[in-house]
Novice: 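So that we are looking at the same thing, I have put the structure below in structure tokens.
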Number of protein chains: 2
Amino acid sequence: MSDTILKPKASETQREILIVAADVFAAEGFRNTDVQVIADRAGVGKGTVYRHFGNKEQLFLATAQYCMGRLEEHVTEQLEGYPTAEAYLEAHGAADVLRLIARACAQFYQQNPLYLEILIQERVEFREANDPLQVLMRKNTRAGLDKLMETAIKSGDLRKGKVKSASDAFGDLLYGSLVQGSVDGDSQRLVQRVEQSVELLLNGLLASPS
Amino acid sequence: MSDTILKPKASETQREILIVAADVFAAEGFRNTDVQVIADRAGVGKGTVYRHFGNKEQLFLATAQYCMGRLEEHVTEQLEGYPTAEAYLEAHGAADVLRLIARACAQFYQQNPLYLEILIQERVEFREANDPLQVLMRKNTRAGLDKLMETAIKSGDLRKGKVKSASDAFGDLLYGSLVQGSVDGDSQRLVQRVEQSVELLLNGLLASPS
DNA sequence: CCGTGCGGACGGGCGCGTCCGTTCTCTGAT
DNA sequence: ATCAGAGAACGGACGCGCCCGTCCGCACGG
């Protein structure tokens, strides 16, 4: 299944298909997409696509997984040598690690606006049916985020309060900024928008906080 | 006569169809929805649906418009006699008006989780093609929000800074909280989640803001 | 000569939108 | 008040196009 890397030639074809699929799914939406179009653009027959991915749904899920994998890679790269976000936190403090995560995500989706579309599509199309992908993905990132917040609160960097609330707020703000920012057309300013929003969340809107 | 119930006026029929359509679209998604199902559940023929709404797309847009109208009504009701949010702002301050708006939206979608699905669907399905609905709707609410923020900044309630950034952050946080909150299943705690997030945005995450 | 990977032609199902016979409603005349 | 008739509203059967997934013949390597 996912052990595709073993066969170089087959994996090349698969990878090629996934890249094209991401393009088409993002542009057309899952339902609107004709698998034939993906096959054509990838320069293979439709049979090949189905042999590799079983059916349209699995193809889409593989595509989404591919996109999320790319995002994860990108964020990790941004940690500049630190093995984990935790390590970065200890070195630079809570504010900077949150800034870094947010900026990394924004950068990624600014460079690959289509992948954001895939993310949203998946949310819409497969929200029921024990979603093995988005929810799973979210749980992973959330677990990491919670731990990060907990450490940061204990260290006194962050205001005391519920860990989950802080994670929720940060995650929700990030998600909202990315999605809305891409809608507003200024996909070129996604990074800027996210950075400003995160800054406001860190420092607060009120002139005199309670 | 009981016949008046069986054969209500045209506008009644339309409203009935819209309510059912909201249910079905929200549950199935736009593409997955068979118009026949809407007609059946509304107790009318498919021809009637098409006569009233033209085609499936227009039916969906009318449905979305209906949902947004309901939200607007609900928010207005929450202003407790104040004619506008501006008036409420002057009486209660910036923090409270933002809290009120956020809570009102959360309440509404907690009561009508399906309508949130409609909102998301519309975003996905009609993001191109000079969307006359969501973008228009957004521009309206954004204009109001910008004005609110501007007033609040001038009055000293809010930290100085770009008006648009503050609006973005608030709007994005609200949107993200609503969507993610509904995904996480706890649709019963939507209000709570949004309130906590807004509180954090108002006061800031950092223990010692710059 | 066999086996494996390939691709495109095709079947079948599904669902949008239409068409036309039926039913309801409203008006005006008796 | 009753009814006739016209016109509007209705509804569901059906045509048609689109697209998923399969199937079978082919090409190439061992």
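Chain A is the first sequence line, chain B the second, and so forth, proteins listed ahead of strands; every chain is numbered from 1.
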Novice: What is the separation between atom CD1 on B/I38 and atom P on C/dG15, rounded to the nearest whole Å?
Specialist: 12 Å
Novice: Side chain of A/Y50, heavy atoms from C-beta onward: which of C/dG7, D/dC20, C/dC16 has the nearest atom to it?
Specialist: D/dC20
Novice: Is the phosphate of C/dC6 approached by A/R51 (side-chain N or O, under 4.0 Å from OP1 or OP2)?
Specialist: yes
Novice: Write down the distance between CZ (A/R31) and P (D/dC19), rounded to a whole number of angstrom.
Specialist: 12 Å
Novice: Can you tell me the distance, in whole Å, between the CG atom of B/D40 and the C1' atom of C/dG15?
Specialist: 13 Å
Novice: Name the nucleic acid region contacted by B/G43, choosing base, sugar-phosphate or nothing; use a 4.0 angstrom heavy-atom cut-off, strictly under.
Specialist: sugar-phosphate
Novice: Are B/E117 and A/R123 close enough for a salt bridge, meaning some N to O gap below 4.0 Å?
Specialist: yes
Novice: Could you tell me how far apart A/L59 (CG) and D/dC20 (P) are, to the nearest whole angstrom?
Specialist: 10 Å
Novice: Going from CZ on B/F126 to CZ on B/F60, what distance comes out if it is rounded to the nearest 0.5 angstrom?
Specialist: 6.0 Å
Novice: Check whether any side-chain nitrogen or oxygen of B/T48 sits under 4.0 Å from OP1 or OP2 of D/dA9, and answer yes or no.
Specialist: no
Novice: Side-chain N or O of B/H52 less than 4.0 angstrom from OP1 or OP2 on D/dC10?
Specialist: yes
Novice: Tell me: CD of A/Q58 to P of D/dC20, nearest whole Å?
Specialist: 15 Å
Novice: I want to verify a distance call: between C/dC16, D/dC20, D/dG11, whose nearest atom is closest to the B/D34 side chain?
Specialist: C/dC16
Novice: Find the distance B/R41:CZ to D/dG11:C1' and express it as a whole number of Å.
Specialist: 19 Å
Novice: More 5' along DNA chain C: B/G47 or B/K56, using each one's nearest nucleotide?
Specialist: B/K56
Novice: Could you state the atom-to-atom distance from CG of B/N32 to C1' of C/dC16 in whole Å?
Specialist: 15 Å
Novice: Between B/R41 and B/D23 (salt bridge meaning N to carboxylate O under 4.0 Å), is one present in this structure?
Specialist: no
Novice: Any chance you could measure B/D146, atom CG, to B/F170, atom CZ, to the nearest 0.5 Å?
Specialist: 12.0 Å
Novice: Could you label the plane-to-plane angle of the B/F108 and B/H74 rings as parallel, tilted or perpendicular, counting under 30° as parallel and over 60° as perpendicular?
Specialist: tilted
Novice: Look at A/K46 and C/dG8 and indicate whether a side-chain polar atom (N or O) is within less than 4.0 Å of OP1 or OP2.
Specialist: no
Novice: Please give, in whole Å, the distance from D/dG21 P to A/Q36 CD?
Specialist: 13 Å
